[in-house]
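These notes are about the structure you will find just below.
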Amino acid sequence: MKLTQGCFSFLPDLTDDQITRQVQYCLTNGWAVNIEFTDDPHPRNTYWEMWGLPMFDLQDAAGVMMELAECRRVYGARYIRISGFDSSHGWESVRISFLVNRPPQEAEFDLVRQEVGGRAIRYTTVRRQVAHAST
């Protein structure tokens with residue numbers, strides 16, 4: 001199951017050239033770019049680990065791509081995303097976020113429905129346990 005989080009999530013995975021163009025778009029707009037990684041892509045897990053500090057005041061996407069290559073080397077079996085943060089007054093928020101790396105085995109989730117009082121229904125996202133083949 002392909003995890004769908006962030007921009008471009010329903011498209012095929014971005015190539016490095018396409019990632020470079022998106023990063024350059026962020027930099028051209030004056031947004032800080034950061035790289036994050038996780039092994040827990042649950043939709044409510046908003047606290048991914050940061051790879052270094054956010055990159056402010058860069059002009060060229062090559063610096064971000066060098067950091068991405070190093071992050072992939074160290075954490076290649078995890079999810080990695082790039083975010084562009086707009087610090088301008090009135091926004092002060094992430095304007096773009098997209099996955100740039102996926103683990104070989106994607107996480108899978110189930111939607112569990114629970115009926116509660118007053119005929120209300122609650123939904124919970126639960127990570128599916130992957131069955132490992134025995135040797």
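Model, not experiment: these values are computed from the prediction.
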Drop me the distance from [X]'s [atom1] to [Y]'s [atom2], to the nearest 0.5 angstrom.
| X | Y | atom1 | atom2 | value |
| --- | --- | --- | --- | --- |
| Ser97 | Phe85 | OG | CZ | 12.5 Å |
| Gln24 | Asn29 | CD | CG | 10.0 Å |
| Met50 | Asn34 | CE | CG | 4.5 Å |
| Thr28 | Gln59 | OG1 | CD | 8.5 Å |
| Arg81 | Cys7 | CZ | SG | 11.5 Å |
| Phe98 | Ile80 | CZ | CD1 | 12.0 Å |

*Passes side chain to side chain contact (heavy atoms under 4.5 Å, CB included), Thr124 versus Arg113? Steps please.*
CA-CA 7 Å; Thr124 305; Arg113 183 173 82 177; over 6 Å; no
Which heavy atom of [X] sits nearest a heavy atom of [Y], and at what distance?
| X | Y | answer |
| --- | --- | --- |
| Val33 | Ile82 | CG1-CG2, 3.7 Å |
| Glu36 | Ser83 | OE1-OG, 3.6 Å |
| Arg102 | Asp13 | NE-OD1, 3.0 Å |
| Arg78 | Phe37 | NH1-CE1, 3.6 Å |
| Ile121 | Val116 | N-CG2, 4.4 Å |
| Pro41 | Tyr79 | CG-CE1, 3.3 Å |

*Looking only at side chains, do Asp86 and Ser88 share a donor and an acceptor under 3.5 Å apart?*
yes
Shared hydrophobic cluster for [X] and [Y] (ILVMFWY, side-chain gaps under 4.5 Å):
| X | Y | value |
| --- | --- | --- |
| Leu58 | Phe56 | no |
| Ile96 | Val94 | no |
| Met66 | Val64 | no |

*Does atom CG of Asp57 have more than 12 heavy-atom neighbours from other groups under 6.0 Å away?*
no
*If you draw a 6.0 Å radius around CG in Leu53, do more than 12 non-hydrogen atoms from other residues or ligands fall strictly inside?*
no
Can you give me every donor-acceptor pair (side chain of residues 67-77, partner residue at least two apart or in another chain, under 3.5 Å) with its distance?
from: Glu67; atom 1: OE1; to: Trp51; atom 2: NE1; distance (Å): 2.9
from: Glu70; atom 1: OE1; to: Arg73; atom 2: NE; distance (Å): 3.2
from: Glu70; atom 1: OE2; to: Arg73; atom 2: NE; distance (Å): 3.2
from: Glu70; atom 1: OE2; to: Arg73; atom 2: NH2; distance (Å): 2.6
from: Arg72; atom 1: NH1; to: Asp16; atom 2: OD1; distance (Å): 2.8
from: Arg72; atom 1: NH1; to: Asp16; atom 2: OD2; distance (Å): 3.4
from: Arg72; atom 1: NH2; to: Asp16; atom 2: OD1; distance (Å): 3.4
from: Arg72; atom 1: NH2; to: Val100; atom 2: O; distance (Å): 2.7

_Does any part of the side chain of Ile35, heavy atoms only, come nearer than 4.5 Å to the side chain of Met55, both counted from C-beta?_
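SC-SC contact between Met55 and Ile35 confirmed.
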*Quick one: name the residues clustered hydrophobically with Val126, using the 4.5 Å side-chain heavy-atom rule over I, L, V, M, F, W, Y, and just say none if it's on its own.*
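Same cluster as Val126: Val112.
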